[in-house]
Amino acid sequence: QVQLVESGGGLVQAGGSLRLSCATSGRTLTSVAMGWFRQAPGKEREFVAAMSWSGRTTDYADFVKGRFTISRDNAKNTVFLQMNSLKPEDTALYYCAAVFSSNTHRTPRTVTEYNYWGQGTQVTVSS
């Protein structure tokens, strides 16, 4: 079992930055691929970024490439999402997700590939 708790969300002006954190507990992050998703009101949950358990491979949605960066500190069992140049359309509830995977390069992109989810942290970007 893996428990996930997101933090770091808030209200920011367009062009600003936020750093989301996902603290995990229950086991170490070895062999656990991690991802970030977001869901805006009335929309489906969508992929934002993912990182393989080794940290060697990352993947991003096209709409965040060059602005967001996913990272992880396995020693602290924490995953981060650095968000820069935020836009009003980035406003959403952001979720952290995890799945066991021994593949050192696996970066799942779909909701159904993940087994564990946090409760989400709200990000609101004002224009």
Side-chain angles (χ1 to χ4, degrees):
Q1 290 287 334
V2 178
Q3 291 79 44
L4 309 175
V5 179
E6 303 94 336
S7 62
L11 174 64
V12 64
Q13 288 187 333
S17 299
L18 284 174
R19 189 192 195 202
L20 305 184
S21 298
C22 175
T24 71
S25 61
R27 59 159 288 158
T28 68
L29 289 184
T30 301
S31 296
V32 179
M34 300 295 298
W36 286 96
F37 288 74
R38 70 186 188 185
Q39 188 167 16
K43 295 186 177 181
E44 293 188 351
R45 194 169 299 188
E46 63 180 355
F47 170 75
V48 175
M51 177 174 272
S52 63
W53 79 261
S54 66
R56 295 176 185 175
T57 306
T58 58
D59 192 15
Y60 296 92
D62 288 343
F63 53 78
V64 302
K65 283 182 179 178
R67 300 189 298 125
F68 292 10
T69 303
I70 187 172
S71 62
R72 61 193 293 161
D73 185 337
N74 285 355
K76 296 182 178 180
N77 294 330
T78 303
V79 178
F80 305 96
L81 184 68
Q82 178 66 44
M83 306 187 296
N84 300 326
S85 302
L86 283 162
K87 305 175 182 180
E89 51 263 44
D90 293 319
T91 295
L93 190 61
Y94 282 72
Y95 295 92
C96 175
V99 61
F100 297 123
S101 175
S102 60
N103 185 328
T104 57
H105 295 289
R106 184 185 178 199
T107 53
R109 294 175 61 98
T110 65
V111 170
T112 56
E113 292 181 270
Y114 288 87
N115 303 116
Y116 303 98
W117 293 84
Q119 294 300 307
T121 184
Q122 178 67 39
V123 172
T124 303
V125 185
S126 63
S127 58

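Note that this is a predicted model, so its numbers are computed, not measured. For this chain, numbers begin at 1 and follow the sequence in order.
At a threshold of 4.5 Å between non-hydrogen side-chain atoms, the residues D73 and F80 count as touching.
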Show me the donor-acceptor pairs, under 3.5 Å and distance only, between side chains in residues 114-121 and residues at least two apart or in other chains.
from, atom 1, to, atom 2, distance (Å)
Y114, OH, P108, O, 2.7
T121, OG1, G9, N, 3.1

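Judged purely by atom type and a 3.5 angstrom limit, S52 has no side-chain atom pairing as donor or acceptor with the backbone of R106. Not one N or O on the side chain of T107 forms a donor-acceptor pair closer than 3.5 Å with the backbone of T58. Under the 3.5 Å distance criterion, the side-chain polar atoms of Q1 are left unmatched by any main-chain donor or acceptor of G26. Put simply, the side chain of R109 never gets that close to the backbone of D59: no donor and acceptor are under 3.5 Å apart.
Counting only residues at least two apart or in different chains, ring pair (Phe, Tyr, Trp, His ring centres under 6.0 Å) contacts with residues 39-79 comprise F37-F47. Within the structure, no pair that satisfies the ring pair (Phe, Tyr, Trp, His ring centres under 6.0 Å) test touches residues 14-33, not counting sequence neighbours.
Looking at V79, L29, V32 one by one, the single match for side-chain contact (heavy atoms from CB on, under 4.5 Å) with N74 turns out to be L29.
From Q3, atom CD reaches atom CG of N77 across 11.5 Å, with rounding to the nearest 0.5 Å.
Nearest heavy atoms, A98 versus M34: CB-SD, 3.5 Å.
Among residues two or more places apart in sequence or in another chain, the salt bridge (charged side-chain N to carboxylate O under 4.0 Å, His left out) test is passed with K43 by none. Taking R19 as the reference, nothing meets the salt bridge (charged side-chain N to carboxylate O under 4.0 Å, His left out) condition, with sequence neighbours excluded. Every residue two or more places apart in sequence or in another chain that forms a salt bridge (charged side-chain N to carboxylate O under 4.0 Å, His left out) with D90 is listed here: R38, R67.
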